[in-house]
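Scope of the values below: all heavy atoms of this structure, side chains included, with no hydrogens, waters or symmetry mates. Here is the naming used below: chain letters follow the sequence lines, and residue numbers restart at 1 for every chain.
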Amino acid sequence: MIAADIIKTPRLRLRRPEPSDLPAYAAYCASPRSAFVRGPFSPAESFDKFAAMLGHWQLRGFGRYTVTLQGRPIGHAGPLQTEEGNPPELTWTLWDGDAEGHGYATEAAKAVRDHFFDVLGWPLLVILVQPDNHGSMAIAERLGATLTTLPAPDWYPGCLTYHLTRGTM
Amino acid sequence: MTSIPTLTTARLTLRGLQAEDFGPVAEFYSSDRARFVGGPVSEDMAWRILAGEIGHWTLRGFGRWAAEETATGKLAGVIGPWFPQDWPEPEIGWDLMNGFEGLGYATEAARAALDYAFDTLGWRTAISLTAPGNTGSENVAKRLGAQRDGAFEHDRYGRMLVWRHSGPEARV
């Protein structure tokens, strides 16, 4: 199963991450915007995390996309699966605060959802959100996800788990 | 994405890491033997580390190989040039998977990695880092002819000893 290298939306182009994205990604990791994902992170931690994002594609044949707006990387969106038996997690993040409030995260996450459900036939994506991250909770609901009572994974304590299933949007 | 070259030594095949390597990598990182490399860590973290090894190739154009025991196809180690963001300078790193200690594999693979670093990557010098108390790894450094060259304090991993290898001019 190989995911598309590029997904286009009306305003955005999602492509596989490239080394040239690292400065923008590291700037996001160093900012308070990464607090919802256990940040902020040092440049060294950002390098390690970005390397893992790149390697994910080679290990799984899919991964998180860099979201670009007119050629500029503004965030990432896509499925993350570190444990083989677990359903992949749909993730999205805008790296740049200026990109917020335009619906870009929703647009990117919807396009990813549609590709993995409609083209690749996946049955389920989970969405993990911290309970005080109201922006992401709103996006999860806009995507058609349902809040579950499942416990948070060990590596992401306190988070809420949503399920997004094919055919229920 | 960088295509990862394959090298061979007398007993090992150095190739790109792949999904099938996760079993032994996870076993190593969950064991007490990983205490010298920031472990033991959870399976989730071990997978991220494996993915990071592959991504390092893309970011740097070089990275560590899966050192496969050619005769059996088993993963014996993860060995090669390594330069994450906060390293003092590029190093030759080696981690032997559980059960592959004492066979000379780290030395054998690190020699090939040093040749690759000098001949192909054009490095003018190379170090290796060992955690204090990791005598097995120190012995590999000594067997490779490296000399102690100070220490390095890492933000997350703490103090590491620096070993400097002979440069390319000393290798004929």
### Query
Where on A:E45 is there a heavy atom nearer than 4.5 Å to chain B: the side chain, the backbone, both, or neither?
both
### Message
Is B:I49 in contact with chain A via its backbone, its side chain, both, or neither, using a 4.5 Å heavy-atom distance?
### Response
neither
### Six-ring centre of B:W94, B:R64 cation under 6.0 angstrom, axis tolerance 45°
no
### Query
Any side-chain donor-acceptor pair under 3.5 Å between B:H56 and B:W82?
no
## Note on the structure
Heaviest contributor of heavy-atom pairs below 4.5 Å to chain B, chosen from A:N86, A:L59, A:L54, is A:L59
### Message
With chain B as the partner, which of A:P43, A:G63, A:A26 has the greatest number of non-hydrogen pairs under 4.5 Å?
### Response
A:P43
### Task
Please determine if A:K49 forms a cation-pi arrangement with A:F41, meaning its NZ or CZ atom is less than 6.0 Å from the six-membered ring centre and no more than 45° off the ring axis.
yes
### Task
Look up atom CD in B:E43 and atom CD in A:E84, then write down how far apart they are to the nearest 0.5 Å.
10.5 Å
